[in-house]
Amino acid sequence: MTVPPPAPQRPLLRKIAIDLAVMTVLGVLLAVVGPFGSFEEPFPLRLVTWLGFAYIGYVVYSPMGMFVDRAQAALDLPRVWLWIVAVALATFPMATLVWAMKFVSGPVQWPPLERAITHYFHVFVIGGGATALFYVLEKRGEGEVRSASPTANAADLAPTHPPANSDPDPDPDPISPNPLLDQLPAALGGEVIALEMEDHYVRVHTALGSHLVLMRLRDAIPHIDGIEGRQVHRSWWVARGAVEDVRREGRNVRLVLGEDLVAPVSRAQVSELKAAGWF
């Protein structure tokens with residue numbers, strides 16, 4: 001049975017603060033530019049309006065990242081196309097809110113079809129542009145984290161020849177820190193059976209439960225190199241010894257790891273896993 005642990009709060013709050021700062025900058029820039037005919041309005045009104053739209057847009061569009069993660073795990077489709085679909089879906093409520101805000105002092109007058117389509121397109125362009133900006137910033141952040149992450153442990157940094165006055169019988173088996181496993185609660189043990197990507201986090205599944213760690217899946221996998229397994233999907237790494245059964249649903253293949261834990265297998269991996277004797 002999987003026990004959902006509390007998610008890390010400080011990194012999440014820091015991310016939200018950074019995201020809102022980015023949206024504030026976008027709101028100010030849009031107020032200065034005044035797109036879609038808004039430049040005719042006074043600047044203070046434009047500033048309040050576009051900042052409001054920016055913050056509302058963040059609330060509407062940001063949860064779509066979870067939709068993309070879940071849809072990718074279930075459908076195994078390209079992530080960029082899933083984001084386009086997600087933005088298109090989120091634009092419906094966002095466009096409705098933007099239009100309704102024009103009638104705060106009276107009843108809402110809904111536009112004719114042609115104007116509604118134009119209005120939707122305008123909101124889609126801005127919402128899609130902001131989402132694309134966050135996507136680029138996220139990718140750049142991943143690259144910086146990977147380039148800045150230390151690859152050497154304490155033993156690698158130790159001098160080749162010990163100092164003359166050093167202990168002649170040092171500990172022959174020093175325990176190197178593990179940035180992934182060291183963050184797991186002791187109650188979950190150390191038997192990792194799967195890693196699951198969840199937005200900016202990786203959920204580490206053990207035989208006793210699961211825990212969220214602020215780390216990308218691609219960065220987490222090297223820290224479990226002592227366990228036989230492989231990445232069976234863009235969002236999943238699975239330990240070979242944890243597979244209890246194989247479930248087929250048409251062309252989709254899923255690995256059953258426990259009563260409530262099932263990992264999808266990408267279609268490109270099915271033949272390789274079969275050849276390796278996984279099923």
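Along the sequence shown, residues are numbered consecutively beginning with 1. These figures come from a predicted structure and were not determined experimentally.
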Quiz prompt | Ile193 to Ala207 - nearest heavy-atom pair and separation | solution = CG2-N, 4.2 Å

Exercise. Would you indicate whether Tyr55, at its atom OH, is surrounded by more than 12 heavy atoms from other residues, nucleotides or ligands within a distance under 6.0 Å?
Key: yes

Quiz item: Is there side-chain contact between Met64 and Trp83, with heavy atoms separated by less than 4.5 Å?
Solution: yes

Quiz item: Measuring from Met23:CE to Ile16:CD1, what's the distance to the nearest 0.5 Å?
Solution: 13.5 Å

Self-check item: From CA spacing to verdict: side chain to side chain donor-acceptor pair (under 3.5 Å), Gln269, His233
Solution: CA-CA 8 Å; Gln269 287 287 330; His233 189 273; over 6 Å; no

Quiz item: Atom CH2 in Trp278, atom CZ in Arg230: separation rounded to 0.5 Å?
Solution: 7.0 Å

Quiz item: Would you say Glu244 has more than 12 foreign heavy atoms packed within less than 6.0 Å of its CD?
Solution: yes

Practice problem: Mark yes when over 12 heavy atoms from residues, nucleotides or ligands other than Phe121 sit less than 6.0 Å from its CZ; otherwise mark no. | Solution: no

Quiz item: Can you check whether Thr206's main-chain N or O pairs, donor with acceptor, with Ser210's side chain at less than 3.5 Å?
Solution: no

Quiz prompt | Validation row: Trp50, Ile126 side chains within 4.5 angstrom (heavy atoms) | solution = yes

Quiz item: When Leu255 is tested against each of Val262, Val238, Asp245 for side chain to side chain contact (heavy atoms under 4.5 Å, CB included), which residue passes?
Solution: Val238

Quiz item: So does Glu249 have more than 12 non-hydrogen atoms from other groups sitting under 6.0 Å from CD?
Solution: yes

Quiz item: Which atom names give the shortest non-hydrogen contact between Ala86 and Val68, and what distance separates them?
Solution: CB-CG2, 3.9 Å

Quiz item: Which heavy atom in Ala220 sits nearest to a heavy atom in Leu195, and how many Å separate them?
Solution: CB-CD1, 4.1 Å

Self-check item: 4.5 Å side-chain heavy-atom contact, Pro185 and Leu188
Solution: yes

Quiz item: Using 30° and 60° as the class limits, which term best fits the ring planes of Phe134 and Tyr58: parallel, tilted or perpendicular?
Solution: tilted

Quiz item: Do you know which of Phe124, Tyr61, Tyr120 makes ring-ring contact (aromatic ring centres under 6.0 Å, His included) with Phe92?
Solution: Tyr120

Quiz item: Got a second to check how far Ile224's CD1 is from Asn178's CG, nearest 0.5 Å?
Solution: 9.0 Å

Quiz item: What pair of heavy atoms forms the shortest contact from Pro93 to Leu89, and how long is it?
Solution: CD-O, 3.2 Å

Self-check item: Flag side-chain contact, heavy atom, 4.5 Å: Val123 against His119
Solution: yes

Quiz item: Would one find more than 12 heavy atoms of other residues, nucleotides or ligands at under 6.0 Å from atom CH2 of Trp110?
Solution: yes

Exercise. Answer yes or no: is there a side-chain heavy-atom contact under 4.5 Å between Leu30 and Pro35?
Key: yes

Quiz item: Same hydrophobic cluster for Leu20 and Leu51, using side-chain heavy-atom links shorter than 4.5 Å among ILVMFWY?
Solution: yes

Quiz item: Do Ile221 and Gln231 pass the side chain to side chain contact (heavy atoms under 4.5 Å, CB included) test, and can you show the C-alpha distance, the side-chain angles, and the key distance before you say yes or no?
Solution: CA-CA 8 Å; Ile221 291 176; Gln231 187 171 355; 3.5 Å; yes

Quiz item: To the nearest 0.5 Å, what is the distance between CG (Leu217) and CD (Glu196)?
Solution: 9.5 Å

Quiz prompt | Nearest non-hydrogen partners of Ala116 and Pro111, listed with the distance | solution = CB-CG, 3.9 Å

Self-check item: Salt-bridge present (Glu198, Arg203; N to O < 4.0 Å)
Solution: yes

Exercise. Answer yes or no: is there a side-chain heavy-atom contact under 4.5 Å between Ile56 and Met94?
Key: yes

Exercise. Could you go through the side chain to side chain contact (heavy atoms under 4.5 Å, CB included) check for Val28 and Leu47 one step at a time?
Key: CA-CA 6 Å; Val28 172; Leu47 181 61; 4.0 Å; yes

Quiz item: Between Ile84 and Leu82, is there a shared hydrophobic cluster once you connect ILVMFWY residues whose side-chain heavy atoms come closer than 4.5 Å?
Solution: no

Self-check item: Nearest heavy atoms of Val232 and Pro264, plus distance in Å
Solution: CG2-O, 3.5 Å

Quiz item: For Arg46 and Glu41, what are the C-alpha separation, side-chain angles and deciding distance, and is it a salt bridge (Lys or Arg N to Asp or Glu O under 4.0 Å)?
Solution: CA-CA 6 Å; Arg46 297 202 311 268; Glu41 302 292 339; over 6 Å; no

Quiz item: Any side-chain heavy atom of Trp99 within less than 4.5 Å of one from Arg115?
Solution: yes

Quiz item: Given side chains that start at C-beta, do those of Phe53 and Leu97 come closer than 4.5 Å, heavy atoms only?
Solution: no

Quiz item: Aromatic ring centroids of His205 and Trp236 under 6.0 Å?
Solution: yes

Quiz item: Are Val256 and Val246 connected in the hydrophobic side-chain network, where two residues link if heavy atoms are under 4.5 Å apart?
Solution: no

Quiz item: Hey, what do you get for CD1 (Ile227) to CG (Leu181), rounding to the nearest 0.5 Å?
Solution: 7.0 Å

Quiz item: Hey, what do you get for CE (Met197) to CZ (Arg234), rounding to the nearest 0.5 Å?
Solution: 9.0 Å

